[in-house]
Amino acid sequence: MQVVRQWRQSADLLLLRPEQTVDANPAAPAAPQVENRHHFRVPVQSTQVRVTDGCLCATAEIDNISPVGICLRHLPEQLYHDAERLTVFSSDNPGLPVLHIKPRWERIERDGKTIGATIDNASESWQLFFTRTAGQTAA
């Protein structure tokens with residue numbers, strides 16, 4: 001139970017962003033930016049996956065995960081310009097199920113594109129992968 005409690009406390013810290021909004025009155029302290037996400041995120045270390053839009057296939061790195069979403073980084077800009085659904089899979093990690101995701105946002109960076117997506121097929125095996133990954137992060 002203590003591990004779960006520590007994990008929740010750690011997850012709560014993930015919701016806080018270091019950025020602050022700029023106030024029109026410089027004398028007043030800036031208010032922290034409100035987190036718009038509905039689920040907390042768990043950072044994932046060095047987990048590469050393959051991503052395809054049905055035409056192109058690329059390697060990406062998982063940045064973070066939630067029970068219903070995933071953030072991928074280092075994607076090529078050309079991937080998914082018109083695709084409404086992407087497939088994510090891993091041949092290196094048998095615990096990671098094949099995911100069908102729906103991109104919600106993207107950010108272009110120097111080292112490629114970062115996207116956030118919801119998972120269309122968040123199955124029991126995904127929940128198990130999420131729980132295991134979150135447990136490793138909390139330890």
Side-chain angles (χ1 to χ4, degrees):
M1 189 64 175
Q2 184 175 356
V3 172
V4 172
R5 199 173 304 124
Q6 288 176 342
W7 177 67
R8 284 189 180 151
Q9 289 172 347
S10 298
D12 288 343
L13 292 175
L14 292 173
L15 292 175
L16 301 175
R17 286 188 177 174
E19 308 103 28
Q20 295 183 331
T21 58
V22 178
D23 194 358
N25 181 358
Q33 189 173 9
V34 176
E35 177 64 59
N36 291 328
R37 300 172 179 172
H38 297 291
H39 299 278
F40 57 88
R41 302 299 194 267
V42 174
V44 178
Q45 300 294 322
S46 303
T47 300
Q48 288 194 338
V49 292
R50 302 288 288 166
V51 182
T52 182
D53 60 5
C55 191
L56 295 175
C57 191
T59 300
E61 190 172 314
I62 299 176
D63 186 41
N64 61 62
I65 58 175
S66 78
V68 296
I70 190 167
C71 179
L72 302 171
R73 62 180 177 209
H74 307 304
L75 284 163
E77 256 186 83
Q78 300 86 348
L79 191 69
Y80 105 85
H81 278 295
D82 295 321
E84 292 184 23
R85 187 167 125 169
L86 301 173
T87 301
V88 177
F89 60 96
S90 172
S91 56
D92 299 336
N93 189 340
L96 179 64
V98 174
L99 300 174
H100 301 290
I101 63 173
K102 188 175 293 188
R104 296 295 180 195
W105 59 266
E106 71 176 32
R107 183 175 57 237
I108 306 297
E109 299 170 329
R110 256 184 259 164
D111 56 351
K113 180 168 37 178
T114 298
I115 66 167
T118 56
I119 300 170
D120 286 343
N121 63 332
S123 63
E124 285 184 28
S125 56
W126 169 253
Q127 296 304 322
L128 180 62
F129 176 81
F130 175 78
T131 303
R132 189 177 311 130
T133 303
Q136 291 171 353
T137 303

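A quick note: this is a predicted structure, and the numbers were derived from the prediction, not measured.
- Annotation: the span from Asn121 atom CG to His100 atom NE2 amounts to 5.0 Å, rounded to 0.5 Å.
- The CZ atom of Arg107 sits 11.5 Å away from the CD1 atom of Ile115 when rounded to the nearest 0.5 Å.
- The two residues Ser90 and Val49 come nearest to each other via the heavy atoms CB-CG1, 4.3 Å.
- Within the 4.5 Å cutoff, the side chain of Ile62 has heavy atoms near those of the Leu72 side chain.
- Distance check, rounded to the nearest 0.5 Å: CZ of Phe89 to CG of Leu99 gives 11.5 Å.
- For Thr47 (side chain) and Gln45 (main-chain N/O), a donor-acceptor pair under 3.5 Å exists by modelled atom type.
- The nearest pair of heavy atoms linking Glu106 to Lys113 is OE1-CD, 3.3 Å.
- With a 4.5 Å cut-off on side-chain heavy atoms, Glu61 and Asp63 do not count as touching.
- At a cut-off of 3.5 Å, with distance as the only test, a side-chain donor of Thr59 or Arg50 sits close to an acceptor on the other residue.
- Here the side chains of Trp105 and Cys71 are in contact, with some heavy-atom distance below 4.5 Å.
- Side-chain contact between Thr118 and Arg104 is present, with heavy atoms from C-beta onward closer than 4.5 Å.
- Shown are Val42, Ile70, Val44; of these, the side chain to side chain contact (heavy atoms under 4.5 Å, CB included) with Phe130 is made only by Val42.
- Closest approach of Pro97 to Ser125, counting heavy atoms only: CB-OG, 3.4 Å.
- With rounding to the nearest 0.5 Å, the separation of CD in Gln48 from CG in Leu96 is 12.5 Å.
- To the nearest 0.5 Å, atom CZ of residue Arg132 and atom CD of residue Gln127 are 12.5 Å apart.
- Note that CG of Leu86 and CG of Leu75 are 8.0 Å apart. Values are rounded to the nearest 0.5 Å.
- Contact annotation: the side chain of Ile119 never approaches that of Val68 to less than 4.5 Å [non-hydrogen atoms, C-beta and beyond].
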